[in-house]
Amino acid sequence: MDRAVEVKSIYEELGVPAVVNATGTKTRIGGSRIRSEAIDAMKRAGDSFVRISDLQAEASERIAEVTGAEAGYVTSGASAGLLLSAAAALAGRDVHRMDLLPETTGFADEIVMPRTHRTGYDHAFRAAGATIVDVGTNDRHLGTGATNVEPWEIDRAITDETAAVGYVQKPYTEPPLEVVAEIAHDHGVPVIVDAAAELPPAENLTRFVEEGADLVVFSGGKAIRGPQTTGIVAGRRDLIESIALQHLDMHAAHDVWNPPETLIDSDRLGCVPRQGIGRSMKVGKEELVGIIVALEAFLEEDHAANARAWRRDADRIADELAAVDGFQTHVTDGNDVAVAPEVVVRVDPSETGVSATELVRALHDENPRVFVGTDRLDEGILTINPMCLDDEEAEYVVGRISDHVESAS
Ligand SMILES: *Cc1c(COP(=O)(O)O)cnc(C)c1O
């Protein structure tokens with residue numbers, strides 16, 4: 001029957017419960033299924049040596065080609081990409097500043113963000129040494145007023161202390177990126193865009209650069225299905241150079257230091273920077289090769305066919321769960337909050353004998369663990385995302401949920 005049940009996974013072999021993933025690409029349960037092409041390439045990468053900066057230079061050209069940006073860089077995840085982007089905005093090409101970070105005494109260190117764009121991930125900006133200045137109110141979100149964060153509020157918040165504007169891309173984020181980018185550029189500061197989970201559609205690889213992002217960050221471990229610990233940054237050549245200088249291992253003898261010209265202009269620097277703030281987020285040759293190959297495969301994939309398959313799976317799961325007394329189900333549109341359509345299951349505990357929260361707890365605690373979406377538990381709703389489920393796993397999840405309800409009622 002199900003892979004997670006019948007075939008012993010490496011996790012079970014190690015004595016660790018495996019997970020059946022019905023909640024999509026979530027880092028805490030391992031992200032996505034890495035592509036087999038990427039794994040094969042990583043295995044070969046581990047067999048021999050390469051200068052990491054050469055590999056980053058090649059990755060840079062490929063990322064530039066697929067995003068339309070001037071240059072690109074591979075990081076150890078989108079979150080590391082945000083930290084390095086902030087470090088690049090703070091230090092630029094100034095080696096002294098690179099050395100100081102996360103200390104920022106004496107130079108601009110503020111990142112202006114619409115308040116509605118604040119997330120737990122922006123800790124990465126602060127870890128680079130930035131201070132976040134958020135502007136506007138949450139009125140629209142709270143229903144206390146109709147006004148969203150307004151462009152003028154962003155405009156007025158940018159001062160001599162501003163190093164960058166931070167922006168989180170979602171299909172519904174406001175104000176539009178073009179508007180925010182124009183304001184930032186009028187003040188001569190870059191815009192850093194967190195688009196970690198905004199793939200597919202593949203067109204988004206070029207879209208945010210076109211709309212004015214100076215640096216845009218994507219996760220390599222979500223729908224690209226590269227190694228979990230990868231992310232890509234695309235953007236302005238000078239900022240990517242700063243990222244490279246603050247990330248690559250810098251224990252190089254000055255007289256023989258000759259990094260790839262397309263990534264680093266060493267003549268103009270005149271010295272070798274020290275190990276930078278990004279050194280603790282290193283990327284190995286295996287991950288670099290893995291993400292290069294995965295990105296290529298992502299571009300060749302038939303995303304329309306994937307979307308149809310997710311829709312079909314979600315519809316089937318919704319139908320099957322609707323047969324359980326006390327469940328009300330419907331399917332969301334893809335590209336709403338998540339990139340795939342999701343099954344929304346409203347649980348009526350008076351009929352099921354078990355609340356959505358109790359159900360989720362029971363599913364988490366069994367072996368293999370079953371993970372469903374929990375973002376709407378406070379409304380008595382659990383969600384199922386088909387992205388990381390094969391047919392048998394989907395059937396298994398429906399079976400386990402039904403069994404729990406049956407034994408409770
Ligand atoms: C997933 C995500 C991240 C982090 O991505 P990693 O590749 O896991 O580091 C950052 N920002 C947003 C909005 C995300 O969804």
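None of these values were measured; they are calculated from a predicted model. Start at 1 and go down the list; that is how both ligands and their atoms are numbered.
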Does A78 approach ligand 1 within less than 4.0 angstrom via side chain, backbone, both or neither, non-hydrogen atoms only?
->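 Under 4.0 Å from ligand 1, A78 contributes backbone and side-chain atoms.
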Atom indices of ligand 1, in the order listed, that fall short of 4.0 Å to a heavy atom of [X]:
{"X": "A196", "result": "2 (C), 3 (C), 10 (C), 11 (N), 12 (C), 14 (C)"}
{"X": "G77", "result": "7 (O), 9 (O)"}
{"X": "A197", "result": "15 (O)"}
{"X": "T27", "result": "8 (O)"}

Starting from atom 4 (C) of ligand 1, which protein heavy atom do you reach first, and at what distance in Å?
->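 I find the closest protein heavy atom is Y121 CE2, 3.4 Å.
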Residue and atom name of the nearest protein heavy atom (relative to atom 9 (O) of ligand 1), distance in Å to one decimal |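 Protein heavy atom with the smallest distance to atom 9 (O) of ligand 1: S79 N, 2.9 Å.
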Flag the pair E342 and R376 as a salt bridge only when some basic side-chain nitrogen lies within less than 4.0 angstrom of an acidic carboxylate oxygen.
->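 Salt bridge: no.
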State whether the number of non-hydrogen atoms from other residues, nucleotides or ligands found under 6.0 Å of E161 atom CD is greater than 12.
->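 Yes.
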Please say whether more than 12 non-hydrogen atoms of neighbouring residues, nucleotides or ligands are located less than 6.0 Å from CZ in R274.
->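 Atom CZ in R274 is not packed in, count stays at 12 or less.
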Donor-acceptor under 3.5 Å (H330 side chain, V344 main chain) |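 No: the side chain of H330 does not pair with the backbone of V344.
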Between S60 and Q56, is there a donor-acceptor pair closer than 3.5 Å when you use the side chain of the first and the backbone of the second?
->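 Judged by distance alone, no pair lies under 3.5 Å.
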Going by heavy atoms, is K222 under 4.0 Å from ligand 1?
->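 K222 counts as a contact of ligand 1 under the 4.0 Å cut-off.
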In terms of ring plane angle, is the pair F298 and H303 parallel, tilted or perpendicular, where the classes change at 30° and 60°?
->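 Answer is tilted, since the angle falls between 30° and 60°.
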Ignoring angles and geometry beyond distance, decide whether K170 reaches within less than 3.5 Å of ligand 1 through its nitrogen or oxygen atoms.
->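 In this structure, K170 places no N or O atom under 3.5 Å from an N or O of ligand 1.
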N/O of D194 under 3.5 Å from N/O of ligand 1, yes or no?
->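 By distance alone, the answer is yes.
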Are side-chain N/O atoms of N385 and T23 paired as donor and acceptor at under 3.5 Å?
->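 There is no such pair (donor and acceptor under 3.5 Å, judged by atom type) between the side chains of N385 and T23.
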